[in-house]
Amino acid sequence: MLPEEFYHEQNVVKIARSLLGKVLVSNIDDQYTSGIIVETEAYSGQNDRASHAFGDRNTNRTGVMYQPGGRAYVYLIYGMYHLLNVVTNVEGKPDAVLIRAIEPLDGIEHMLKRIKQQKLTPKLTNGPGKLTIALGINLEHYGVSLLGNFLCIEDRGIILKDEQIASGPRVGVEYAAEDALRPWRFWVKNNPFVSKVRGK
DNA sequence: CAAACGATTTTCT
DNA sequence: GAAAATCGTTTGG
């Protein structure tokens, strides 16, 4: 399991890049499931117009981002889907990395059952709203530690070379003015589990 | 207290 | 390509 210090790195973009190839593990409802992280996006605190914490909005919803790194920030989007973020940086610096896609590894049959599918296809986890269903993540896991039983991230020795990693503008943040252009989305090239860009 | 809206996905045409 | 599904958070009166 990754040490607490990993999440305290001050450069959230650096963490987003290095989370690729790590393994996200959930142990929820006595079901052990996991997947390799293949797509992430960095959200950088008060100065990022795309971040929920832009303008120093420390509310009940965004509060966990102000905690020290190493927790999960789970929230509901469009009234139907949960998205999972990894809180980073130190206390008072609301940075987070959105996990957009994973490649299923352990407990695939449990994940298929959760998302009501028969066989393994990229549709299982190739989107931020779907991987949370597959891993059994919901609002009950808002603020849980990534160093605890329910959720954690492991390094299983998967090494990605720079040429296997692509980066570009983030998804769904066109409203964020100049911040929308920042290449803070990272994904593994040619990996079928990376999410498709919406509407194309 | 009421109303609008979003870091998405699926389905239908 | 367009639209619906659906609810906690935010914003305004």
Side-chain angles (χ1 to χ4, degrees), chain A residues 12-13 15-17 19-20 24 35 37-67 69 71-89 93-104 111-144 146 151 166-188 192-200:
Chain A
V12 64
V13 178
I15 296 185
R17 155 71 176 78
L19 277 177
L20 291 179
L24 176 65
I37 298 171
V38 296
E39 184 179 359
T40 62
E41 281 181 11
Y43 286 85
S44 181
Q46 296 100 326
N47 300 320
D48 181 0
R49 303 187 76 87
S51 169
H52 288 167
F54 173 71
D56 211 13
R57 277 192 316 222
N58 187 344
T59 63
N60 283 335
R61 180 199 190 199
T62 62
V64 71
M65 288 205 281
Y66 287 80
Q67 300 284 315
R71 294 162 190 274
Y73 171 36
V74 180
Y75 69 94
L76 185 65
I77 189 66
Y78 298 119
M80 351 176 61
Y81 295 99
H82 302 282
L83 301 201
L84 172 66
N85 298 252
V86 175
V87 176
T88 70
N89 215 324
K93 302 281 187 61
D95 289 358
V97 176
L98 171 66
I99 308 298
R100 289 193 56 86
I102 63 173
E103 179 177 336
M111 291 193 264
L112 287 172
K113 188 179 288 183
R114 280 171 176 150
I115 209 166
K116 294 186 170 59
Q117 290 182 12
Q118 302 299 318
K119 61 182 240 188
L120 179 60
T121 67
K123 285 183 183 170
L124 178 59
T125 56
N126 69 341
K130 287 187 282 192
L131 72 88
T132 53
I133 299 174
L135 292 176
I137 295 169
N138 55 56
L139 283 185
E140 292 171 27
H141 307 103
Y142 175 88
V144 300
L146 295 174
L151 286 174
S167 64
R170 291 170 295 181
V171 176
V173 295
E174 291 78 9
Y175 62 88
E178 68 276 13
D179 291 322
L181 301 176
R182 298 175 190 267
W184 286 356
R185 171 173 177 246
F186 298 90
W187 67 94
V188 179
F193 293 93
V194 169
S195 70
K196 294 189 167 54
V197 173
R198 182 146 66 117
K200 299 277 171 58

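Protein chains get the first letters and strands the later ones, always in sequence-line order, with residue 1 at the start of each.
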Figure out the [atom1]/[atom2] separation between [X] and [N], and round it to whole Å.
X: Y75(A); N: dA7(B); atom1: OH; atom2: P; answer: 6 Å
X: Y142(A); N: dT9(C); atom1: OH; atom2: P; answer: 9 Å
X: N58(A); N: dT9(C); atom1: CG; atom2: P; answer: 14 Å
X: I133(A); N: dA5(C); atom1: CD1; atom2: C1'; answer: 13 Å
X: L76(A); N: dA4(B); atom1: CG; atom2: P; answer: 19 Å
X: L139(A); N: dT9(C); atom1: CG; atom2: C1'; answer: 12 Å
X: L83(A); N: dC7(C); atom1: CG; atom2: C1'; answer: 14 Å
X: L84(A); N: dA7(B); atom1: CG; atom2: P; answer: 16 Å

From the set [options], return the single nucleotide nearest to any side-chain atom of [X].
X: T59(A); options: dA7(B), dT9(C), dG8(C); value: dT9(C)
X: R57(A); options: dT11(C), dG8(C), dG6(B); value: dT11(C)
X: R61(A); options: dA7(B), dG8(C), dT10(C); value: dT10(C)
X: Y73(A); options: dA7(B), dT10(C), dC7(C); value: dA7(B)
X: Y78(A); options: dT8(B), dG8(C), dT9(C); value: dT8(B)

**Asked** Taking only side-chain nitrogens and oxygens of K130(A), does any of them come within less than 4.0 Å of OP1 or OP2 of dT10(B)?
**Response**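 So the side-chain polar atoms of K130(A) do come within 4.0 Å of the phosphate oxygens OP1 or OP2 of dT10(B), strictly under.
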Review point. Would one find a side-chain N or O of R185(A) under 4.0 angstrom from OP1 or OP2 of dA7(B)?
Key: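 No.
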How is G129(A) classified with respect to the nucleic acid when contacts are heavy atoms under 4.0 Å: base, sugar-phosphate, or nothing? sugar-phosphate
Practice task
Could you tell me whether N60(A) contacts a base, only the sugar-phosphate backbone, or nothing, with contacts defined as non-hydrogen atoms closer than 4.0 Å?
Solution key: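 No contact.
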Would you compute the distance between atom [atom1] of [X] and atom [atom2] of [Y] and round it to the nearest 0.5 angstrom?
X: I115(A); Y: I133(A); atom1: CD1; atom2: CD1; value: 5.0 Å
X: I99(A); Y: E39(A); atom1: CD1; atom2: CD; value: 10.0 Å
X: K119(A); Y: Q117(A); atom1: NZ; atom2: CD; value: 11.0 Å
X: N85(A); Y: Y142(A); atom1: CG; atom2: OH; value: 10.5 Å
X: L131(A); Y: N126(A); atom1: CG; atom2: CG; value: 9.5 Å

- Determine whether V12(A) and D48(A) make a side-chain contact, defined as any pair of heavy atoms from C-beta on separated by less than 4.5 Å.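 Contact flag for V12(A)/D48(A) side chains = no.
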message: Taking pairing as Watson-Crick or G-U wobble with both contacts under 3.5 Å, can you name the mate of dT6(C), or confirm there isn't one?
response: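 Partner of dT6(C): none.
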pair_partner(dA7(B)), Watson-Crick or wobble, both distances < 3.5 Å, evaluates to none
Can you check the distance between dA3(C) and dC5(B), where both ends of the measurement are the P atom (answer in whole Å)? 16 Å
(message) Between dA4(B) and dA4(C), how far apart are the two P atoms, rounded to whole Å?
(response) 16 Å
Would you say the base of dA7(B) stacks on Y43(A) (centre-to-centre below 5.5 Å, plane angle below 30°)?
yes
